[in-house]
There are 2 protein chains.
Amino acid sequence: MGKSENIPLPAVRRLSLYLRQLEAYADENHRTISSRQLGEVLGLSDAQVRKDLAYFGQFGHPGIGYRVPELIQRVRRILGTDKLSRVLLVGAGNLGRALIAFRGFQKRGFELAAVFDKDPDKVGQMTDGPNRLKIWDLSEMPAIVRKHSIRVGILAVPASAAQQVAEEMVAAGIRGILNFAPVPLQVGPDVSVASVDLAIHLEQLSFELNSVAP
Amino acid sequence: MGKSENIPLPAVRRLSLYLRQLEAYADENHRTISSRQLGEVLGLSDAQVRKDLAYFGQFGHPGIGYRVPELIQRVRRILGTDKLSRVLLVGAGNLGRALIAFRGFQKRGFELAAVFDKDPDKVGQMTDGPNRLKIWDLSEMPAIVRKHSIRVGILAVPASAAQQVAEEMVAAGIRGILNFAPVPLQVGPDVSVASVDLAIHLEQLSFELNSVAP
DNA sequence: CTATGTGAACAGCTTCACAGCG
DNA sequence: CGCTGTGAAGCTGTTCACATAG
């Protein structure tokens, strides 16, 4: 593929929201859904929903709406999550261990396949919880990435180590990084980065509250 | 305050990034920084940085750039994080406990002041780690919110409970919710919600990788 | 009659380019 | 000179409104 020019980035982000909501409707055995219904629960206009979906193809049925299972399949295909993909995690600290225990990844097409840490005390240990995994040393990363064809990695190390670890991930063959460290990663143009900074979201809430009623 | 009309939302989001970066520069004892330097490390144009900051006031010094400590003060003021503000957490599961242990909040002006859970086995326990807090029953929330003047809460409960707990938070007086549950919260117009869905960020990376090289 | 898909109009955001200040 | 602040231009994304299909 490679025709993703022209598609607004916000539309791609909303696509994930649509999928999540569609899966919720599927769990409740809804057969079809209209752009209006889907938009309403997500706080979007019906036109927005239709336009977004139309960027990716003609999925709807005039007079009917969108068939839920069909649209789920199509959207998963577009996002590349129609087949389970393996992901690695670097950093077995508090956040890392919470991520290992998080069952939401599996449900959405991602399998945590390997965990790495720098700390020699942690290396060789098994993680606890239901999803038990051995913690590997960073030096093992290139071999494991190749062996399991892993393309995406989650970075959950302290800010001070993040840039260096990110470089090691890229060198090991990782092409997409989900970054939880509160620093901007400098990577080449062939690597994608998505960053989550927990404090920043609180700041945004703080700003919104201050803008309305001090 | 209330003049935040006219300011693009993306500019507000970047303001947090600027602050984070400015604090990093302050730690390295930089006195001043230009819009070009700041933009470069964040992957933005110099014009973007200047325009964004100018939405909020005239902070720069022509020929010099921005004085780092001064700009930090001003931006904190704008975001409402110049004074420590108390935040509560609902949900002492894996993610919740990782958030309690996370030291990044304090550094950025937020103090985790109270933890709540529904599970009677957890209620009354102390959380472990350095930041020990008692876990309260949800029924205590209104009193504690009032006592500590808490306005923002972090929601880290399972998806199935999220909407109901959110309503209890709002009823208790919470005006801003940082939502980690993968469901869209339906709240009144006087409540702000920021959502973080870990799986969605992985999906976006998956899409980007599939769009460039299958 | 219901609901999609879509060009056209509109709104919002970003970039440009330069006047003006230290 | 170097660098900010800012109108104006340019571009991207959203909403409107309607032709079209079931």
Side-chain angles (χ1 to χ4, degrees), chain A residues 3-18 21-22 25 30-75 78 204 207-208 211, chain B residues 3-18 21-22 25 30-75 78 204 207-208 211:
Chain A
K3 60 163 181 178
S4 56
E5 290 317 300
N6 312 327
I7 300 175
L9 204 77
V12 180
R13 284 195 284 259
R14 287 188 295 266
L15 198 59
S16 282
L17 293 178
Y18 299 146
Q21 198 58 38
L22 287 164
Y25 280 116
H30 286 60
R31 311 284 296 267
T32 66
I33 187 167
S34 68
S35 57
R36 176 192 294 237
Q37 289 173 281
L38 193 48
E40 196 155 73
V41 68
L42 294 173
L44 304 167
S45 71
D46 56 334
Q48 178 87 82
V49 174
R50 289 198 302 279
K51 184 73 86 173
D52 283 348
L53 293 174
Y55 284 124
F56 301 97
Q58 308 214 148
F59 306 143
H61 304 273
I64 304 291
Y66 300 87
R67 297 199 217 283
V68 174
E70 178 196 352
L71 187 52
I72 287 176
Q73 290 294 349
R74 304 256 209 154
V75 175
I78 292 160
Q204 295 293 306
F207 176 81
E208 285 180 52
S211 312
Chain B
K3 59 163 182 178
S4 56
E5 289 319 300
N6 311 329
I7 300 176
L9 205 76
V12 180
R13 285 195 285 259
R14 285 188 297 266
L15 199 58
S16 282
L17 293 179
Y18 299 147
Q21 198 58 38
L22 288 164
Y25 280 116
H30 286 60
R31 312 284 296 266
T32 67
I33 188 169
S34 68
S35 57
R36 177 194 293 237
Q37 288 173 281
L38 193 48
E40 197 154 73
V41 69
L42 294 173
L44 304 167
S45 71
D46 56 334
Q48 178 85 82
V49 173
R50 288 198 302 278
K51 186 70 105 173
D52 283 348
L53 294 174
Y55 284 124
F56 300 96
Q58 310 212 146
F59 305 143
H61 304 274
I64 304 291
Y66 299 87
R67 298 199 216 282
V68 174
E70 178 196 353
L71 187 53
I72 288 176
Q73 291 293 350
R74 305 257 209 153
V75 174
I78 292 160
Q204 296 293 306
F207 176 81
E208 285 180 52
S211 310

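This one's a predicted model, so the numbers in the text were calculated from it and none came from an experiment. Residue numbering restarts at 1 for every chain, and letters A, B, ... go by the order of the sequence lines.
What separates CD1 of B:Ile7 from C1' of C:dT14 is a distance of 16 Å, to the nearest Å. Rounded to whole angstrom, the span from the CD1 atom of B:Ile33 across to the P atom of D:dC3 amounts to 12 Å. Counting to the nearest Å, the P atom of D:dT15 and the OH atom of A:Tyr55 are 11 Å from each other. One can place CG of A:Asp46 at 10 Å from P of C:dA3, the figure rounded to the nearest angstrom.
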I'd like a table of donor-acceptor pairs (distance under 3.5 Å, sequence neighbours excluded) in which one partner is a side-chain atom from residues 60-68 of chain B, with atom names and distances.
unit_1: B:His61; atom_1: NE2; unit_2: B:Glu70; atom_2: OE1; d: 3.0

Donor-acceptor contacts under 3.5 Å from residues 38-50 of chain A side chains, at least two apart:
unit_1: A:Ser45; atom_1: OG; unit_2: A:Gln48; atom_2: N; d: 3.0
unit_1: A:Asp46; atom_1: OD2; unit_2: A:Arg50; atom_2: NH1; d: 3.3
unit_1: A:Gln48; atom_1: NE2; unit_2: A:Asp52; atom_2: OD1; d: 3.4
unit_1: A:Arg50; atom_1: NH1; unit_2: A:Ser35; atom_2: OG; d: 3.2

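Heavy-atom contacts from other residues, nucleotides or ligands closer than 6.0 Å to CZ of A:Arg14 number more than 12.
Judged purely by atom type and a 3.5 angstrom limit, B:Gln37 uses its side chain to pair as donor or acceptor with the backbone of B:Ser34.
OP1 or OP2 of C:dC13 has not a single side-chain nitrogen or oxygen of B:Gln48 nearer than 4.0 Å. At D:dG13, none of the side-chain N or O atoms of A:Arg13 fall inside 4.0 Å of OP1 or OP2 (strictly under the cut-off). Contact between the side-chain N/O atoms of B:Ser35 and the OP1/OP2 oxygens of D:dC3 is not found at any separation under 4.0 Å.
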Restricting both atoms to N or O, compile the protein contacts to nucleotides 5-9 of chain D shorter than 3.5 Å, with distance only.
unit_1: D:dG5; atom_1: OP1; unit_2: B:Phe59; atom_2: N; d: 3.1
unit_1: D:dG5; atom_1: OP1; unit_2: B:Gly60; atom_2: N; d: 2.7
unit_1: D:dG5; atom_1: OP2; unit_2: B:Tyr66; atom_2: OH; d: 2.7
unit_1: D:dG5; atom_1: O3'; unit_2: B:Gln58; atom_2: OE1; d: 3.1
unit_1: D:dG5; atom_1: N7; unit_2: B:Arg50; atom_2: NE; d: 2.9
unit_1: D:dG5; atom_1: O6; unit_2: B:Arg50; atom_2: NE; d: 3.4
unit_1: D:dG5; atom_1: O6; unit_2: B:Arg50; atom_2: NH2; d: 3.0
unit_1: D:dT6; atom_1: OP1; unit_2: B:Gln58; atom_2: OE1; d: 3.0
unit_1: D:dG7; atom_1: N7; unit_2: B:Lys51; atom_2: NZ; d: 3.4
unit_1: D:dG7; atom_1: O6; unit_2: B:Lys51; atom_2: NZ; d: 3.3

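When the nucleotides C:dT14, D:dG13, C:dA3 are ranked by their closest atom to the side chain of A:Ser34, C:dA3 comes out on top.
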